[in-house]
Each structure stands twice: as structure tokens, then as C-alpha cells.
Amino acid sequence: MTAPSPLPGRLADFVQGMNAAVSAGADETRAVRACEALLQELVAHDDWLPEDCSRPHPVHYQQYLLHRDPADRYSVVSFVWGPGQRTPVHDHCTWGVIGMLRGAEYSRAYARENGRLVPSAIEERIEPGQTTCVSPSIGDIHLVRNAFDDRVSISIHVYGTDIGKQSRHVYDPDTGAVKSFVSGYANA
Ligand code: FE2
């Protein structure tokens, strides 16, 4: 008798695909392109996320670790929004691909101009099955929020390092003041 896989089938397939993508020594552009295609497959079905990684918190969003590459080449998390919850304006300091699994979310990009933060006029809405990307080279600062005030939304995020221990930043959108933070995980 073989031991059960510690990862649900679809996530195991995704991890296998990611391992192949990063083993090929891909640069950021190729890694993100491969990741986005794999993530679109993963979030095309909402039948695999473990219940203990889909629980909202009554006060703030939750970030659950789903898989951490042993060499820190990437990490996979579920981002669980309670009704009406949002992030501060923040960055990632690595590439990231976001895929919507359940519900919907809004992301508004911010640009740094002369020490100030300028919000994009457009707020991007991400629906189940859709993906979007962030990185220092294409735009890394944004504010994300649950599109719904009356239900939970969940997106799956993949980052180009162990995002839970990555030093990154939150921004005061009014003053442009910057503060470092390390997010950790709700479950690790
Ligand atoms: Fe983000």
C-alpha cells in the first residue's frame, strides 16, 4: 500500500509542472509565463482546496501556505478574503501570479512618482479562472480587496520565492511613507 499524497491531485500536478518550469533555469519572463498557464489550469476547477486552507478570519484576510519549494524557488498560497476585507497598499519584491478560485477580487496598482504614490485610475477585477501578475519589473505595488461585502473570496498566489519570509513593504497612500514587513503564514 502506498502512502497518500500530501497534496490534493490538482495541486500536486501544478507543483510538478512548476518544478519542471523552474528546473529548466527559466528567467523571470519564462517562469511567469509557464506559471500563469499552469495556474489557469489549477483555478479552472474549484474542487481541490483543503477546507483548512479556505477558512476566513473574522477581522483580516488569511494567507495559507499550500506548498513551499525546498529551494525557495517559489511558493504557493491561498489568499482567503472575508466579506469586505482588503490589504494595505503593499509590494512583493519578487514576481507573483494570482489566480482567482472563488468569488472575485479587485486590484488597484500604484506607481511611485517623486516620492508619492499615484493610484491607477482603473481597478482590475479578477473573476474565477482568471489570472494577473505583479513583479518589480512590470509593477509591484497594489491594493487588493474582496469584490464582495457579503461572502468569502479566495485566490491562489504563486511567488518567485518563499513569500512568507520575504522582506517587503507597506505604503501609506497619503504620505508615501514606507514600512518593511514579513507576512509569514496563517498555518506555518
Ligand atoms: Fe499583493
Side-chain angles (χ1 to χ4, degrees), residues 14 18 28-29 31-33 35-36 38-40 42-43 49 53-54 56-57 59-69 72-113 117-148 152-174 176-188:
F14 175 83
M18 278 302 298
E28 178 184 308
T29 304
V32 167
R33 199 177 299 144
C35 177
E36 194 164 21
L38 291 163
L39 190 56
Q40 281 169 358
L42 183 64
V43 297
L49 184 66
C53 293
S54 59
H57 184 279
V59 176
H60 50 76
Y61 63 86
Q62 292 286 60
Q63 177 172 285
Y64 296 101
L65 178 66
L66 299 177
H67 177 73
R68 177 165 39 197
D69 176 61
D72 285 356
R73 295 172 299 181
Y74 70 95
S75 55
V76 189
V77 306
S78 61
F79 223 88
V80 181
W81 305 99
Q85 291 176 354
R86 63 179 55 212
T87 67
V89 179
H90 67 279
D91 65 16
H92 316 85
C93 298
T94 185
W95 61 260
V97 184
I98 296 118
M100 204 72 217
L101 183 71
R102 191 178 304 171
E105 68 187 33
Y106 285 110
S107 173
R108 187 185 299 279
Y110 284 73
R112 295 200 81 174
E113 288 178 19
L117 280 176
V118 180
S120 164
I122 297 166
E123 200 176 32
E124 180 186 15
R125 182 178 170 117
I126 310 161
E127 302 284 352
Q130 294 180 336
T131 55
T132 189
C133 302
V134 292
S135 91
S137 61
I138 63 169
D140 197 35
I141 307 175
H142 66 172
L143 183 157
V144 188
R145 65 186 180 92
N146 190 348
F148 296 101
V152 170
S153 292
I154 301 178
S155 49
I156 307 302
H157 299 202
V158 187
Y159 297 99
T161 188
D162 180 351
I163 196 66
K165 68 180 186 193
Q166 172 80 338
S167 179
R168 47 204 183 111
H169 310 95
V170 291
Y171 300 83
D172 183 320
D174 298 322
V178 185
K179 204 167 83 177
S180 294
F181 81 106
V182 175
S183 67
Y185 299 104
N187 61 336

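Just follow the structure's listing: the first ligand is 1, and inside any ligand the first atom is 1. These values consider heavy atoms only, across backbone and side chains, with no hydrogens, waters or symmetry-generated copies.
For the ring-ring contact (aromatic ring centres under 6.0 Å, His included) test, no residue two or more places apart in sequence or in another chain qualifies with H169.
Of all protein N, O or S atoms, those under 2.8 Å from the Fe ion (ligand 1) number 3.
Judged purely by distance below 3.5 Å, without hydrogens or angles, the side chains of E105 and S155 pair a donor atom with an acceptor atom.
With respect to the salt-bridge test (charged N to carboxylate O, under 4.0 angstrom), the residues K179 and D172 do not qualify.
Residue P173 forms a side-chain contact (heavy atoms from CB on, under 4.5 Å) with just one option from L143, V89, V118, I141, and that option is V89.
Between the side chain of N146 and the backbone N or O of G82, at least one donor-acceptor pair lies under 3.5 Å.
The aromatic rings of F79 and H157 lie parallel to each other, with less than 30° between the two planes, well short of the 60° mark.
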